[in-house]
**Q** 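Once you've had a glance at the structure underneath, I'll fire off some questions.
What you are looking at is a predicted structure, and each value in this text was computed from that prediction instead of being measured. Chain A is the first sequence line, chain B the second, and so forth, proteins listed ahead of strands; every chain is numbered from 1.
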Amino acid sequence: MARIIQNKWPIDLQKSRAIGFGFPLNGDAVFVPTYYTRDQIKANMVNYLLTNKGERVFKPSFGADLRNLLFENMQDISNDDLKNTIQDDITLYFPNVMIKEIKFNNLPDENTVNFTLVYQIVNFGVDDEINILLQ
Amino acid sequence: MSKLNRDIRYINRDFSTLRENLIQYSKTYFPNTYNDFSETSTGMLFMEMSAYVGDVLSFYLDNQIQETFIQKARQTTNLYSLAYSMGYVPKVTTVASVELDFYQQVPSKLSASVYVPDYDYAVVIPENTQISSNVDSSMNFIIEDAVDFQSSSSLDLTEESIYQISGVNPTYFLLKKKRKAISATVRSQNFVFNASKKFDTRDLKAGNIIGVLDVIDSNGNVWYEVPNLAQENVFNSIRNTNTNDPNYSIDTEVPYLLELKSVQRRFVTRFLNENTLQLQFGAGSTRNIDEEIVPNPDNVGLGLPFEKTKLTTAFSPLNFVYTNTYGIAPYNTTLTVRYLVGGGASANVEAGVLTAVDDTNIKFINPDLSNTTLANQIFKSIASNNVKAADGGMDGDTVEEIRQNSLGNFQNQLRTVTPQDYLVRSLSMPSNLGVVAKAHVQPCKVGEYEAGTLPSVLDLYILTYDINKKLRTASDILKRNLQTYLSEYRMINDSIKIKDAYIINIGVNFEIIVRPNYNNAETITKCINSLTTFFEIDKWQINEPIMMKDISILLDKVEGVQTVNNIEIVNLAGESLGYSKFSYDVNGSTIDSVLYPSIDPMVFEVKNPTEDIRGRVVPI
C-alpha cells in the first residue's frame with residue numbers, strides 16, 4: 001500500500017534514529033525524542049523564543065527576549081514590530097526559517113501576551129506554527 | 001552486567017573543551033539518541049550547562065590546589081594558616097622603633113671621702129611603660145625592657161654625670177640609660193568564660209594588632225602564650241638578687257636569671273585576618289593539676305579508637321594521649337587580655353618628641369626612703385627623649401612577604417643542629433641574661449676527655465664583654481643562663497660543655513713613608529684610626545686569622561701614605577699590665593704573612609688601641 005512520505009532531512013531517514021527532543025519534558029525518561037526535523041526545528045524555536053538574552057551561559061545574545069513584551073503597552077505591540085524584532089535573530093540562528101505571519105490574541109486584562117508565529121522551513125516548503133503565551 | 005569501556009578524557013577542564021567532548025561523546029556513544037548539536041537546541045543547552053558546571057568545578061579544584069601551597073595561595077586567611085603551619089607568625093603591622101634616653105637625678109652621698117651617686121634613690125621604670133609624643137598625644141611608644149638605674153653593665157650602662165654642685169662638691173648626679181622603644185599602645189579586653197570547653201577560642205578585634213602582652217584571670221593567675229599548646233615550658237627571667245639565688249648574685253653583668261617554667265595556663269594566638277587575633281586555650285581542666293604526663297605503656301594511645309592497633313600506629317611525642325597536656329581550659333573566670341596595637345608609617349616620629357613618660361608604675365628600688373620630700377623631687381626628675389627619629393614603622397606583611405618569610409622561617413625550625421645554629425643562638429640570648437660576645441662551637445677533642453666522665457659531643461667556647469667592652473671570660477651565672485637557654489633548642493643527643501675561649505692581646509707596630517707635602521703626625525693618626533676601626537672587637541670572631549696583607553692594603557689606602565714599610569704584630573700579655581695572662585708565639589704562628597690562631601679556640605684583641613697601635617714615619 002502506497003503512503004505519503006513527509007519531507008525529511010537526510011538525518012531523519014532512519015526511523016529509529018532520534019534527532020533531539022522536544023517539549024514538554026514529560027516523557028517516560030523526561031525527554032521525548034523527536035524523529036522529524038520539523039519537530040526538532042519547532043522545539044528549537046520554542047527554546048529560542050522562550051529564552052531571554054543573557055540566560056544562556058557564554059551566549060548572552062541568545063534568545064528572543066520576548067518577556068520584555070509584558071512590560072510594553074499592549075496597544076503598541078504590532079505585527080511588524082515583533083516581526084522586525086525577532087526576524088534578524090531568527091535569521092542568525094535559524095537560517096532555514098522564514099517568518100510569515102504573527103497573529104496576536106492578547107488578553108490585556110489578564111496581562112497576557114499571546115501570539116502565534118507562522119513560519120516556513122524555506123528549502124522544504126514546510127509550514128508550521130508556534131503558539132507563544134507570555135504572562 | 002558488562003562493564004562499560006568508554007573513552008573518558010580527564011584532561012578536559014574548561015568550558016569549550018568540555019562542550020566539544022560532550023558533543024563528541026554523544027556522537028560516539030549515542031548516535032541514535034541525539035543528533036541535533038545546533039546551539040538553538042535544548043539538548044545543547046543541557047550540554048553547555050554541564051560544560052559550564054565542569055568549568056566551574058575545574059576552577060575551584062585549581063583554586064583549592066592553589067590555596068594549598070604557600071607559594072601560590074592568594075587568600076589572606078589561607079596564607080595566614082599556611083604561614084602558621086610553617087612556624088611563621090604573620091605581621092599585620094610593623095612597629096617603629098627608636099632608642100630612648102631615660103634620665104633621673106639622684107642625690108650625692110659621701111663614700112670613702114668621694115661624692116658618689118646615692119643609688120638608694122634610683123628608680124625602676126618597668127617594662128611596657130608608655131611614653132607619648134609631645135606633638136601627638138595619641139602616638140605612644142613602650143619600652144620592652146625595664147630601666148633599672150641601679151643596674152649597670154657593659155651592654156646596659158648607667159651613665160653618671162654631675163648635675164648640680166654646691167661649692168666644689170656635687171649635690172646631684174644625673175643618671176642616664178638607653179632603652180629601645182617600639183610604637184605601641186597597650187589596650188585590654190575582658191573575656192568571660194563560663195562552662196569549661198575544650199580548645200575554647202576568643203577573638204580580639206582591632207586594627208594594627210601587634211600581639212598579646214599578657215593575660216591574667218580574675219584570680220590573678222597569669223596565662224602564658226606558647227607557640228603551640230603542646231609546649232609546656234616557657235622561659236621565665238627573674239631578677240638576679242640574693243633572694244632568688246644566693247649563690248649567683250655576684251655578677252653585675254647578669255641582672256636576670258633564666259629559668260624554665262612549666263605552665264598549665266597557656267594559650268596560642270593566630271591571626272584569622274588583618275583585624276582579628278584569635279586566642280585558643282587548652283583542653284584540660286583545673287581539677288587535675290598534674291600535667292606532666294610521662295609516656296608509659298598504659299597511657300600511650302589511651303582513649304584513641306586505634307588503641308588495639310598500637311603496633312602500626314605512629315605517635316607523636318607531643319600528642320600520644322588525649323589528656324590535658326594541652327593546658328587547661330578556662331572556666332568560671334574572666335580573662336583580662338592586654339594587647340598591643342600600633343605601628344604603621346605614621347609611627348616614625350621625629351626626634352625629640354617622645355618626652356611624656358607615664359609614671360604610674362615607676363617605683364624606687366629602695367621602698368624605705370625616709371626623706372619623702374627628696375624622693376618626690378627625684379621622682380619628678382624622671383625624663384625621656386629620643387635623640388633620633390623613630391624608623392621602621394610600616395604596614396604589615398604583604399602577600400609576597402608572608403610567603404617569603406614563611407619559607408625562610410621554615411628553615412630555622414627553632415633547633416640548633418649545625419655549629420652556626422649554636423653560634424647564632426648563643427649570641428641571641430637576651431641581654432638581660434648576660435651578653436655572649438663571642439661564641440665558637442667545635443666537636444670535643446679526644447685528648448680532652450676527662451676520666452670518669454662522659455665526653456661531651458660539643459664544646460661551646462664563649463667570651464663576654466666587661467664594662468668597657470673589652471673581652472673577658474664569662475661568669476658561672478652567665479654560663480648557667482646560657483645552658484638553660486640552649487636547653488630548649490639543642491638536640492637531645494647533643495651534650496655541650498661551655499668553656500672559656502682564650503683571649504690573646506696583641507699590638508701593632510708599623511712603619512710608613514709619608515708622601516711629600518703631607519703632615520707626618522696627621523698621617524700617622526689617620527693610620528692608627530684606620531687600624532683601630534679594623535681591629536674593633538665586634539668584627540672579630542674566635543679563631544679568625546689575621547691577614548697581614550689586609551693591614552698593608554688598609555694602610556696603603558690612607559691618605560698621605562706613600563709606602564707601607566713594615567708591619568709587625570706583637571703579643572701583649574700579663575695581667576699586671578692589664579692584658580690577658582696567656583702569651584702567644586706570634587712569629588711562630590705567622591706563615592706566609594698570615595697570623596694563624598692556636599688550635600685551642602682563641603680570639604685576637606687589640607685591647608687599648610691608643611697605646612697598642614704604634615706607628616712610625618721613616619724616610620725613603
**Q** So which atom in B/Leu22 and which in B/Ser50 form the shortest heavy-atom distance, rounded to 0.1 Å?
**A** CD1-CB, 3.9 Å
**Q** Examine whether an atom of B/Thr33 lies under 4.5 Å from a heavy atom of chain A, and if so say whether it belongs to the side chain, the backbone or both; otherwise answer neither.
**A** backbone
**Q** Examine whether an atom of A/Tyr93 lies under 4.5 Å from a heavy atom of chain B, and if so say whether it belongs to the side chain, the backbone or both; otherwise answer neither.
**A** both
**Q** B/Phe30: what forms a ring pair (Phe, Tyr, Trp, His ring centres under 6.0 Å) with it, not counting sequence neighbours?
**A** none
**Q** Would you say the side chains of B/Ser81 and B/Asn78 form a donor-acceptor pair under 3.5 Å?
**A** no
**Q** Could you pull out all residues at least two apart from B/Phe46 that satisfy side-chain contact (heavy atoms from CB on, under 4.5 Å)?
**A** A/Phe21, A/Leu25, A/Phe31, B/Thr42
**Q** Between B/Ser41, B/Ser38, B/Ala51, who has the most heavy-atom pairs with chain A when the cutoff is under 4.5 Å?
**A** B/Ser41
**Q** Please identify, among A/Asn44, A/Val46, A/Thr51, the residue contributing the most non-hydrogen atom pairs under 4.5 Å to chain B.
**A** A/Asn44
